[in-house]
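What follows is one structure encoded as structure tokens, with my remarks underneath.
One-based numbering, in listed order, for ligands and for the atoms of each. Worth saying up front: this structure is predicted, and the values here are computed from it rather than measured.
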Amino acid sequence: MTSTADIQALVGEAVAGIDAATTSARLKEIERDFLGKSGSITSLTRLIGSLPTPEEKQAFGAAVNQAKQHVQGLIDAKADALIRAEREAQMEAERIDITMPGRRMRAGNTHVLYQTMQKIKRVLGGLGFRYLESPELEEFKYNFDKLNYPKDHPAMDEQDTFYIDDDHVLRTQMTAIQGRIFETTKPPLRCFTIGRTYRNEAVDRTHLHTFHQVDAFMIDKGVSMAHLKGTLEAFARAMFGEDAKLRFRPDFFPFVEPGVDYAVSTQKLFNGRWVELGGAGLIHPNILEAHGIDPDVYSGFAFGLGVDRIPMMAYGVDDVRLFLENDLRFLSQFRE
Ligand code: FA5
């Protein structure tokens, strides 16, 4: 392995490899195999000591060095070209087309039910009603007993709900806030609440098991059905337009006497049809008395309404369940 022919053979091998290399990574391998610490050409230098004469040692050493330089030169020249080509290819692959149209940011919008509730808040706030909240997981007594439901009264069957234990239910009506307010606030008072309510319903096009209601109350000296009608008419005009008309019909709720249900109609919004909004009436004297409010001095009205059916009617949506299905294609139509 110490002849010039041996060196030439290795150089020939290296040159063939360099010629065939198409990547800088492959070139690095060739460099390591031939010129690295234990590369085949480098290893030849270790054989110098085995040569008998100084002349031979010198001649062989010089030939090995020359071979190393030659191969290194070829590698460096080819590496330059390959690395440049590779960089260009990478630049090309990662090129950013600044003329391409950008992706539009999708702006969200508030949920149509939330929009409706915000509007109701603005209108009732504007009429001087104070906004209050109470728990969704409500004590049975506030949801029923304190609202003048006699024990086991069938009116409770209409509002079957989800019982957490014997004393706690998911509230079936926002009217449940009444007892909590009357316990702590003395009349005159004027307040309202909006929130989520629950019923054990056979869910269909117009019935949800989880829906939203508004309830409002006013107690003062001399409050009558005339105040209730005037307030609801002002509310309906602000909500649905100046031509909104209201229809009242007698109805029964244990917590009001007399009790009514009421519907609204406008030409533009509801095509002249009557749309049921909810129930109302004068607060039952039993409830006032139970909270130490003298019914001979004070009287009050209460009204409640469902939120979910309002946008349903206003936008001509034929299934109230769509509002809760989180389909953005549907929901994004309702931009304020
Ligand atoms: C009540 O809940 C009474 N608390 C309203 C009230 C308040 C009367 C104050 C008198 C004084 P009702 O069960 O009718 O009443 O419900 C009121 C409204 O809630 C209905 O008109 C309807 O719009 C809505 N609602 C009731 N059940 C559902 C349901 N399953 N899905 C969607 N909306 C409903």
Side-chain angles (χ1 to χ4, degrees), residues 112-113 116-117 120 124 129 134 138 142-149 153-162 169-179 181-182 190-219 223 225 227-229 231-232 235-236 239-240 246-264 270 274-288 299-314 317-324:
V112 59
L113 292 177
T116 310
M117 291 190 265
I120 293 171
L124 287 178
F129 286 77
S134 62
E138 185 54 284
Y142 287 113
N143 200 86
F144 293 119
D145 296 339
K146 281 183 169 277
L147 290 175
N148 199 34
Y149 284 81
H153 192 278
M156 278 188 278
D157 295 347
E158 283 171 23
Q159 298 194 10
D160 185 25
T161 183
F162 306 95
V169 295
L170 289 177
R171 65 184 173 198
T172 60
Q173 51 186 345
M174 291 310 289
T175 323
I177 199 176
Q178 242 187 42
I181 296 174
F182 298 171
R190 196 160 34 167
C191 49
F192 76 108
T193 185
I194 306 184
R196 198 171 289 151
T197 44
Y198 303 83
R199 289 186 196 175
N200 180 9
E201 292 277 11
V203 170
D204 62 23
R205 245 176 23 81
T206 52
H207 291 86
L208 297 164
H209 52 70
T210 303
F211 55 103
H212 302 84
Q213 283 189 343
V214 179
D215 252 67
F217 320 105
M218 174 172 175
I219 303 182
V223 171
M225 283 301 275
H227 297 106
L228 170 64
K229 287 183 78 176
T231 305
L232 276 175
F235 171 76
M239 281 298 293
F240 306 112
L246 280 186
R247 180 192 70 185
F248 294 86
R249 295 189 306 193
D251 199 355
F252 171 78
F253 301 94
F255 35 93
V256 285
E257 181 58 38
V260 293
D261 69 38
Y262 58 100
V264 64
F270 306 127
W274 289 109
V275 172
E276 286 268 354
L277 284 183
L282 293 185
I283 297 171
H284 201 290
N286 287 353
I287 295 180
L288 297 178
S299 54
F301 67 67
F303 63 87
L305 61 131
V307 172
D308 310 68
R309 291 181 194 160
I310 293 177
M312 188 182 172
M313 297 301 178
V317 173
D318 60 8
D319 194 326
V320 71
R321 289 170 288 198
L322 289 168
F323 290 132
L324 300 183

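Near Phe303, the atoms of ligand 1 lying under 4.0 angstrom from a non-hydrogen atom of the residue are 7 (C), 9 (C). Every atom of ligand 1 is numbered from 1 in the order shown, and the set under 4.0 Å from a heavy atom of Thr206 is 31 (N), 32 (C). Interface atoms of ligand 1 facing Gly278, defined by a heavy-atom separation under 4.0 Å, are 21 (O).
With respect to Asp319 and Arg205, no salt bridge is recorded, no charged nitrogen being found less than 4.0 Å from a carboxylate O.
Residue nearest to atom 30 (N) of ligand 1, selected from Asn200, Ile310, Leu208, Asp261: Leu208 (by heavy-atom distance). Among Gly306, Gly259, Gly304, Ala216, the residue whose heavy atom lies nearest to atom 24 (C) of ligand 1 is Gly306. The option from Glu201, Gln213, Arg309 that lies nearest to atom 17 (C) of ligand 1, judged by heavy atoms, is Gln213. Nearest to atom 12 (P) of ligand 1 by heavy-atom distance, out of Arg199, Glu276, Gln173, is Arg199.
Using bins of under 30°, 30° to 60° and over 60° for the plane-to-plane angle, the ring pair Phe253/Phe255 lands in the tilted bin. Note: Phe235 and Phe303 have tilted aromatic rings, judged against thresholds of 30 and 60 degrees for the angle between ring planes.
With 3.5 Å as the limit, one finds no donor-acceptor pair spanning the side chains of Asp215 and Thr193.
Neither the backbone nor the side chain of Asp308 has any atom closer than 4.0 Å to an atom of ligand 1 (non-hydrogen atoms only). Only the side chain of Phe255 comes within 4.0 Å of ligand 1, judged by heavy-atom distances. With a 4.0 Å heavy-atom cut-off, ligand 1 is reached by no atom of Val320.
Enclosure of atom CZ in Arg247 by more than 12 non-hydrogen atoms of other residues, nucleotides or ligands within 6.0 angstrom is indicated.
Annotation: Thr172 places no N or O atom under 3.5 Å from an N or O atom of ligand 1; distance criterion only. Any N or O atom pair closer than 3.5 Å counts here, and Leu305 shares no such pair with ligand 1.
No donor-acceptor pair under 3.5 Å is formed between the side chain of Gln173 and the backbone N or O of Thr197. Counting only distance, with no hydrogens or angles, the side chain of Ser299 and the backbone of Val223 share a donor-acceptor pair below 3.5 Å. Panel note: side chain Arg309, backbone Glu276; no donor-acceptor pair is recorded below 3.5 Å.
Cys191 and Phe129 make their closest contact through O-CD2, 3.5 Å (heavy atoms, listed as atom of the first residue, atom of the second, distance).
In this structure, atom 33 (N) of ligand 1 lies nearest to the protein heavy atom Phe211 CD1, 3.5 Å. Atom 6 (C) of ligand 1 has as its closest protein heavy atom Gly279 O, 3.6 Å. For atom 15 (O) of ligand 1, the closest non-hydrogen atom on the protein side is Phe253 CE2, 3.4 Å.
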Practice item. Under the side chain to side chain contact (heavy atoms under 4.5 Å, CB included) rule, what do Ile283 and Phe182 come out as? Steps first, then yes or no, please. Key: CA-CA 12 Å; Ile283 297 171; Phe182 298 171; 3.9 Å; yes
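Using a 4.0 Å heavy-atom cutoff, Val203 is absent from the residues neighbouring ligand 1.
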